[in-house]
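Step one of this worksheet: look at the structure below.
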Amino acid sequence: MRDKGYYLWLGILSVLSVLGLGAWIYQVTHGLVVTGMRNIVTWGLYITAFMFLVGLSAGGIIVSSSATVFNLPQFKPAARPAVLLSVVSILMATLFIFVDLGRPDRILNLLTSPKLNSPLIWDVIIITLYLTLSLYYLYLMGQPETGEGRLRVVAALALPTAILVHSVTAWIFGLQIARPTWHSALLAPLFVVSALDSGLALLLLVLLGLDRSGWYRVDKSLFSTLGGVLAVLIAVDVFFVFSEVLTALYPAEERLMRYVNLLLKGSLAPYFWGEILLAVIPFLLLVFRSNREKPGLVGLAASLVVIGVFLKRIWLLFSALLIPLLPYAPGVPLGSYLWPPFEFTRYYPVAWGLTGKYTPTWVEIGIFIGIFAFGGLLFMVLARAILAPGTPKESQGVSCGLTS
Amino acid sequence: MAKKYGMVIDLKRCIGCHTCAIACKLENNVPMGLFWNRVLTRGGPGLDIPEGSYPYLKREYLPVACQHCENAPCVKVCPVGATYKDPDGRVLINYDRCIGCRYCMTACPYNARVFNWQEPLRIPGHSYGSQGVPDRKRGVVEKCSFCQQLVDAGGEPFCVTCCPARARKFGDLNDPESEVSRLLRERPAERLLEDRGTRPQVYYLR
């Protein structure tokens with residue numbers, strides 16, 4: 001029965017992955033013109049997903065390595081699923097950067113002619129290091145004979161690397177003088193705390209799923225403990241956002257206000273206020289001990305947090321991209337040209353833009369779903385191989401996870 | 001002393017005719033839908049629309065292309081070194097190395113960079129640029145090079161040649177004898193978004 005469900009999911013996710021691959025091939029043959037991105041909004045859904053996934057990845061591993069580093073034995077059962085989740089998320093994040101490139105055939109230039117000035121190269125270096133460490137960590141935890149000392153060393157290295165991996169991702173954006181809402185010293189801490197809450201929330205969801213599927217038993221008390229930690233992290237996240245927005249609002253500098261107004265009452269308001277709402281509700285759910293003891297409610301709160309942080313990635317990215325700093329007409333040539341112009345009268349207004357517009361096209365959504373399906377597939381296969389009982393090596397792993 | 005090419009645009013002379021934008025497009029083989037050089041209207045909400053209500057009107061034109069910043073944010077962020085500052089002070093692009101990540105476009109405060117979202121389309125159906133203009137394929141970023149192909153052969157950028165109002169001057173900012181240096185000594189000048197600290201090498205005279 002259970003196996004049937006597993007193969008059904010495997011089938012669905014495989015089909016979606018292949019569809020995503022098809023969408024990517026379509027994009028490669030036609031160029032990035034098939035996306036909703038143009039010359040003002042030069043980054044879109046792919047980079048949003050990249051930020052989001054790096055966060056999910058870093059958050060999981062920070063929580064799990066803390067268990068070893070700070071010697072919190074009650075967190076230990078979460079460690080292996082967390083590292084597995086991190087590995088899969090970071091692979092997905094890398095895929096999102098890859099599909100965003102205009103010339104994916106030249107991706108190796110990143111290795112053959114890297115320039116250390118660029119935060120993107122910092123990201124390549126730190127993600128490589130991070131992935132290596134995570135894989136090694138995962139391998140060590142699977143070996144029953146691994147000594148506690150060795151695990152502790154790897155965990156102690158993984159923890160700062162995970163914090164750095166998301167800080168570097170924040171610095172890709174936060175060091176840009178041209179983008180008022182990104183250019184803030186608070187951006188890296190903000191990213192790290194969002195990584196922590198979304199990563200932990202996803203970890204909780206995965207633990208719930210694993211527990212339900214019977215592959216990996218988790219004690220009920222773990223959910224309530226992690227739920228409490230999640231409540232604290234949400235509070236810190238909202239505090240940082242509040243501090244950031246207040247710092248912009250109080251001086252009310254004219255130029256910055258054009259961007260901030262996008263968030264408070266403009267086109268990004270649904271995402272901004274949505275994120276606030278999806279932080280406040282789970283916080284109110286998790287702050288009561290009686291609620292935390294119901295895994296179902298913890299799971300609900302966790303899914304709200306994951307969605308909320310995704311909304312946050314959206315407003316973070318687009319708040320800086322939608323308005324060019326030089327606000328003069330006719331603006332910026334958007335960069336696509338249809339010939340022959342089928343709708344000539346409607347054509348001219350979209351050739352130039354004073355402000356950016358962005359709606360993801362079905363190609364982008366297809367690739368987005370495809371990569372997430374592929375990630376889910378990878379996680380299911382790996383989780384079954386590594387976490388689920390049945391194989392001789394693994395039964396030991398689980399008991400080790402639960403008792404040590 | 002090394003050269004530092006720069007441009008001086010006299011806003012009092014600019015008549016907003018867009019000749020520079022078209023000349024640039026022609027010289028540099030810029031495909032449809034893209035411009036390396038554009039003329040903005042400082043005033044009302046649309047092209048050529050003045051600010052205020054009749055008869056109290058105000059309007060000014062602002063030609064904008066790559067500012068060839070001394071402290072260029074785009075050069076800093078390029079992960080593969082495809083965008084670089086050349087020894088003569090120009091910001092140039094190696095189109096064979098660009099991976100199309102568009103990081104430089106988010107780093108540029110002036111939106112001076114444009115991307116080949118689609119297969120470059122030219123009407124008429126052939127290349128119209130002059131000889132020596134680098135070829136740009138789909139999936140790479142492109143922008144003004146101060147007409148490298150003309151300047152390296154001893155000439156001047158084509159927008160400077162074509163400007164009917166003689167509003168554009170080009171030269172070496174490091175040479176005190178050059179016309180651009182003389183104009184900057186004699187007339188008040190501004191640079192775009194000076195508070196961003198990018199130190200553009202394009203100056204606007206008022």
Side-chain angles (χ1 to χ4, degrees), chain A residues 28 30-35 37-40 42-43 47 97 100-124 172-173 175-179 182 255 320-321 324-339 351-352 354, chain B residues 31-35 38-49 60-62 64 71 73-82 84 96-119 121 123 137-141 192-193 195-198:
Chain A
V28 168
H30 289 77
L32 287 174
V33 71
V34 300
T35 69
M37 298 183 275
R38 289 296 181 269
N39 281 336
I40 301 179
T42 50
W43 282 346
I47 299 293
I97 286 285
D100 186 65
L101 295 183
R103 292 298 304 255
D105 54 315
R106 292 183 183 164
I107 188 154
L108 288 179
N109 286 6
L110 287 172
L111 305 178
T112 54
S113 57
K115 243 192 51 195
L116 290 177
N117 266 351
S118 170
L120 213 59
I121 287 296
W122 308 348
D123 221 24
V124 170
I172 289 181
F173 307 95
L175 302 182
Q176 299 315 315
I177 192 85
R179 303 289 164 184
W182 291 349
R255 187 160 59 198
L321 285 177
L325 273 180
L326 292 177
Y328 311 118
V332 179
L334 295 178
S336 68
Y337 196 92
L338 300 170
W339 188 260
W352 291 77
L354 253 181
Chain B
M32 300 305 292
L34 302 181
F35 282 90
R38 59 203 155 107
V39 181
L40 303 178
T41 306
R42 263 209 279 220
L47 182 68
D48 291 338
I49 296 176
E60 184 181 62
Y61 290 104
L62 183 71
V64 178
N71 179 21
C74 54
V75 172
K76 286 184 197 169
V77 301
C78 180
V80 294
Y84 60 99
D96 294 330
R97 195 181 279 182
C98 173
I99 59 171
C101 68
R102 311 184 297 292
Y103 196 2
C104 54
M105 296 177 77
T106 60
C108 174
Y110 308 98
N111 288 76
R113 291 169 165 265
V114 289
F115 187 70
N116 284 287
W117 300 96
Q118 60 185 28
E119 206 58 58
L121 176 73
I123 302 171
K137 299 251 170 8
R138 192 187 76 198
V140 299
V141 172
L192 294 181
L193 305 173
D195 63 324
R196 301 288 99 180
T198 51

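Throughout, protein chains are lettered first and strands after them, A, B, ... in sequence-line order, and every chain is numbered starting at 1. Side chains included, hydrogens not; waters and symmetry mates left out as well; all remaining heavy atoms used.
Note: B:R97 leads B:K76, B:R97, B:E119, B:K137 in heavy-atom pairs under 4.5 Å with chain A. When the candidates A:N109, A:D105, A:I47, A:T112 are compared by the number of heavy-atom contacts under 4.5 Å with chain B, A:N109 comes out ahead. Chain A forms more heavy-atom pairs under 4.5 Å with one residue of B:N111, B:T106, B:V114 than with any other, namely B:T106. With chain B as the partner, the residue from A:N39, A:I121, A:I97 showing the most heavy-atom pairs under 4.5 Å is A:N39. The residue among A:P119, A:A178, A:P327, A:S118 with the most heavy atom pairs within less than 4.5 Å of chain B is A:S118. Counting heavy-atom pairs under 4.5 Å between each of B:G81, B:P79, B:A112, B:A82 and chain A puts B:P79 at the top. In terms of heavy-atom pairs under 4.5 angstrom with chain B, the leader among A:L175, A:D100, A:N117 is A:D100. Ranked by heavy-atom pairs under 4.5 Å with chain B, the list A:I107, A:T42, A:V34 is led by A:T42. Of the listed residues B:R102, B:Q118, B:R113, the one with more heavy-atom pairs under 4.5 angstrom with chain A than any other is B:R102. Of the residues considered (B:P31, B:A107, B:G43, B:P73), B:A107 shows the highest number of contacts with chain A, using heavy-atom pairs under 4.5 Å.
For chain B, the nearby part of A:W182 is the side chain; its heavy atoms alone come within less than 4.5 Å. In this structure, no portion of B:I49 lies under 4.5 Å from any heavy atom of chain A. Of the atoms belonging to B:V75, heavy atoms from both backbone and side chain fall under 4.5 Å from chain A. In this structure, the portion of A:L321 lying under 4.5 Å from any heavy atom of chain B is its side chain and not its backbone. In this structure, the portions of A:I172 lying under 4.5 Å from any heavy atom of chain B include both its backbone and its side chain. Neither the backbone nor the side chain of B:N71 comes within contact range of chain A, judged by heavy atoms closer than 4.5 Å. Proximity to chain A (any heavy atom under 4.5 Å) is restricted, for B:C108, to the backbone atoms N, CA, C and O. Only the side chain of B:L193 comes within contact range of chain A, with at least one heavy atom under 4.5 Å from a heavy atom of that chain.
Judged by distance alone, the side chain of B:Y110 and the main-chain N or O of B:L192 form a donor-acceptor pair under 3.5 Å. With B:R42 contributing its side chain and B:E60 its backbone, the two residues share no donor-acceptor pair below 3.5 Å.
By the neighbour-count criterion of 12 heavy atoms within 6.0 Å, atom NZ of A:K115 is densely surrounded, having more than that number from other residues, nucleotides or ligands.
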Let me see the working for B:Y61 and B:D48 under side chain to side chain contact (heavy atoms under 4.5 Å, CB included), right down to the final yes or no. CA-CA 8 Å; B:Y61 290 104; B:D48 291 338; 2.6 Å; yes
Residue pair A:L325, A:R255: steps toward the side chain to side chain contact (heavy atoms under 4.5 Å, CB included) verdict: CA-CA 8 Å; A:L325 273 180; A:R255 187 160 59 198; 3.6 Å; yes
Candidate pair A:W352 and B:L47, rule side chain to side chain contact (heavy atoms under 4.5 Å, CB included), full reasoning: CA-CA 11 Å; A:W352 291 77; B:L47 182 68; over 6 Å; no
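For A:S336 and A:R38, the side-chain atoms include at least one donor-acceptor pair closer than 3.5 Å.
In terms of heavy-atom proximity, B:N116 sits nearest to B:R138 at O-CG, 3.7 Å. The minimum heavy-atom distance linking A:Y328 with B:T41 is given by the pair CB-O, 3.4 Å. Between A:L110 and B:I99, the closest heavy-atom pair is CD2-CD1, 3.9 Å.
Within the model, atoms CE of A:M37 and CG of A:L334 stand 14.0 Å from one another, a figure rounded to the nearest 0.5 Å.
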